[in-house]
Amino acid sequence: MATDASPSRQLFALVDVNNFYVSCERAFNPSLENRPVVVLSNNDGCAIARSNEVKALGIRMGAPCFQLKELADKYDIVALSSNYALYGDMSNRVAAMLRDYSPHMEVYSIDESFLTLNGLGSLWPTSAYMGQSIRHRIRQWTELPVCVGIGASKTLAKLANHIAKKQPRFNGVCDLATMPLAETDALLSGIEVGEVWGVGPRIGSQLHAAGISTVKALRDTPLSWLRARFGVVMERTGNELRGLSCLTLEEVAPPRKQIISSRSFGQPVRALPHLSESVAGHASSAAEKLRRQNGVCGAIQVFIQTNRFREQDPQYSNSMVVPLPNESSDTRLLVRAALFGLKQIYRAGYTYNKAGVMLIDIGEARTIQGSLLAQHGTGNRSDGLMKAIDALNLRYGRNTVSVFSSVAPKPWAMRRENTSPCYTTRWSDVPVAYAH
DNA sequence: TCTGGGGTCCTAGGACCC
DNA sequence: TCTGGGGTCCTAGGACCC
């Protein structure tokens, strides 16, 4: 039996729901099928999802609603407010079904997942066959249309998915990994370079200016040039396009490093009390998200903006970072800090359009387990705590330290004045029950 | 009148330290 | 006359993604 030629050879599939939000709406309202449909952002401000019919009309992603009016009337476009609870639920269903196809999966976004297919070759006649199975099953069980792209790197799987979506002859599944080189080259020569994952508008136009306008041209560009011109990220993209996998599958979503809550106002806002109400709400919901990931943050940033699209109005935007004396995820503390910051940056006389907060300097809320305390807590209280903190590599001022009274050894856990000055402030923040 | 709401990573430059 | 060099941390800005 032949062994795998190269142990580092990778095979990825990207499964992506077509026009996700629109497809979710259609799943529950079949009369929307074959009609032009857009889903609108909060406040019904702009289009954030478009059906193929709407895309064909040339309506951009993010097109403001009022600009759509005329076309909407003319072509009988159905415009729907967004329903994120529904989309989240549908997303979870799709992800659950995909787990049956591979032991290793990364949920990349609300409508996309990567699977690794390494070592699964014997389960299916071909990868494309598996792709069709995914399509049929998801369609049957959720009514959602998906496309599947397969490639030797995540970037190639993304590209394959794009091809599967755009070119009907692939019937929704494109496998670049087994495609003959000549065919791949022909295909990539016909795709605009901006379609590559990691090539945005800026780099795209610079590539065009340098005469690199197709995916094939980018793939064949020397890596050293990409590195020198655009940095390590584009060099990596170059490698990925050549089939050298540089991006790994992230099966476990890492905790957020920042948490934002912000929103445009439906109507113009001028007065501080109105802003305060909004900011307090944002701080509260951000704190909730933070606690959900068992986090604490060291600072909260608050920001306000006027409407940048109203050029005739005086513009003002500002932000302030308010540090917290101790890391926390406490709603009241965060709201208080955010409102303090808001007062500092608020200027009367402007019409505000947006406000929000960002939690930054996020760490993990850690707990010193009883066993560790017992292990280190044999001396006086401050010694034991100090050792335990060292053992956990905690740093003063960055983490919440909690001790359970039920397991805390008594001799050193009794009296506040026995603690070293360094930790005195911490104890005030610690959810410890001292009474025995 | 009305223009989304989240995230990530990289780089350059300055402050500061030894 | 000759006036260091390596390292870290922080911030702002720019690019990208969905």
Side-chain angles (χ1 to χ4, degrees), chain A residues 14 16-21 38-50 59-70 72 79 81-82 84 87-88 91 106-114 154-155 158 161-162 193-207 226-237 240 246-247 250 253-269 278 281-282 285-286 289-290 293 298-299 301 303 305-313 319-321 323 351 353-362 395 398:
Chain A
L14 176 67
D16 186 322
V17 183
N18 307 346
N19 314 326
F20 182 56
Y21 295 173
V38 291
V39 172
L40 304 174
S41 64
N42 280 300
N43 300 326
D44 293 345
C46 62
I48 54 170
R50 304 156 296 158
I59 292 173
R60 305 186 329 274
M61 174 75 170
C65 206
F66 66 91
Q67 286 178 3
L68 262 58
K69 266 279 186 288
E70 207 171 301
S81 296
S82 39
Y84 295 104
Y87 310 148
S91 175
E106 171 186 344
V107 177
Y108 176 69
S109 75
I110 194 165
D111 69 332
E112 287 171 82
S113 291
F114 286 101
K154 282 177 147 184
T155 302
K158 275 281 234 187
N161 193 285
H162 170 81
V193 70
E195 299 295 342
V196 173
W197 197 31
V199 177
R202 298 295 171 91
I203 290 176
S205 72
Q206 289 185 50
L207 286 171
L226 291 178
R227 166 90 191 225
R229 181 77 184 267
F230 300 108
V232 295
V233 179
M234 272 308 291
E235 184 190 29
R236 194 171 60 200
T237 297
E240 288 251 321
C246 305
L247 300 168
E250 294 191 35
R256 299 271 83 95
K257 296 174 176 174
Q258 47 180 249
I259 292 173
I260 294 174
S261 177
S262 75
R263 197 133 300 172
S264 310
F265 301 125
Q267 290 135 12
V269 167
S278 157
H282 286 305
S285 89
K289 292 183 201 170
L290 180 61
Q293 69 170 31
Q301 180 174 31
F303 55 91
Q305 291 169 14
T306 52
N307 189 339
R308 65 196 160 95
F309 293 103
R310 291 185 57 86
E311 289 169 11
Q312 67 274 33
D313 287 355
S319 72
M320 181 181 182
V321 174
T351 302
N353 171 250
K354 185 173 182 176
V357 304
M358 179 158 71
L359 305 186
I360 54 183
D361 196 10
I362 289 180
R395 183 149 68 84
R398 285 193 55 87

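What's counted below: heavy atoms across the whole structure, side chains too, no hydrogens, waters or symmetry copies. In the text below, chain A, chain B and the rest are named by the order of the sequence lines, each starting its count at 1.
Using a 4.0 Å heavy-atom criterion, one finds that Lys69(A) contacts no nucleic acid atom at all. Backbone-only contact: Gly45(A) has heavy atoms under 4.0 Å from sugar-phosphate atoms and none from a base. At a threshold of 4.0 angstrom between heavy atoms, the contacts of Glu112(A) are confined to the sugar-phosphate backbone, with no base atom among them. Leu40(A) comes within 4.0 angstrom of no nucleic acid atom, judged by non-hydrogen atoms across all strands. Using a 4.0 Å heavy-atom distance criterion, Val39(A) is classed as making no nucleic acid contact. Ser261(A) comes within 4.0 angstrom of sugar-phosphate atoms only, judged by non-hydrogen atoms across all strands, and of no base. Note on Asp44(A): nothing from the nucleic acid sits closer than 4.0 angstrom, heavy atoms only.
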Every protein N/O within reach of nucleotides 10-16 of chain B N/O, cut-off under 3.5 Å:
none

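We find that NZ of Lys289(A) is positioned 8 Å from C1' of dG5(B), with the value rounded to whole Å. The distance between atom CZ of Arg310(A) and atom C1' of dT3(B), rounded to the nearest whole Å, is 12 Å. Note: CG (Asn307(A)) to P (dG4(B)) measures 8 Å, nearest angstrom. Between the CD1 atom of Ile110(A) and the C1' atom of dC17(C) there is a distance of 15 Å, given to the nearest Å. Here dC2(B) presents its P atom at 12 Å from CZ of Phe309(A), a figure rounded to the nearest Å. At whole-Å resolution of the value, CG in Asp313(A) and P in dT1(B) are 10 Å apart. Residue Ile360(A) contributes atom CD1, which lies 15 Å from atom C1' of dG7(B) at whole-angstrom precision.
Under the 3.5 Å distance criterion, with hydrogens and angles disregarded, a donor-acceptor pair is assigned to the side chains of Asp44(A) and Ser81(A).
Considering only side-chain N and O atoms, Asn43(A) lies nowhere under 4.0 angstrom from the phosphate OP1 or OP2 of dC2(B). Neither OP1 nor OP2 of dG5(B) sits under 4.0 Å from any side-chain N or O of Ser262(A). For the pair Arg263(A) and dG5(B), the criterion of a side-chain N or O lying under 4.0 Å from OP1 or OP2 is met.
The number of heavy atoms from other shown groups lying within 6.0 Å of CZ (Arg202(A)) does not exceed 12.
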| task | Under 3.5 Å for both distances, Watson-Crick or G-U wobble, that's the pair rule; now give the dot-bracket for DNA chain B, with | marking pairs to another strand and [ ] for crossing ones. | result | ....||||||||||||||

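Looking at Lys257(A) and Ile362(A), their side chains never come closer than 4.5 Å, going by heavy atoms from C-beta outward.
Taking the centre and axis of the six-membered ring of Phe114(A), the NZ or CZ atom of Lys154(A) falls inside the cone set by 45° and 6.0 Å.
The closest donor-acceptor contact from the side chain of Gln293(A) to the backbone of Arg256(A) lies under 3.5 Å.
Map Gln258(A) and Cys46(A) each onto its nearest nucleotide of DNA chain B; the residue landing nearer the 5' end is Cys46(A).
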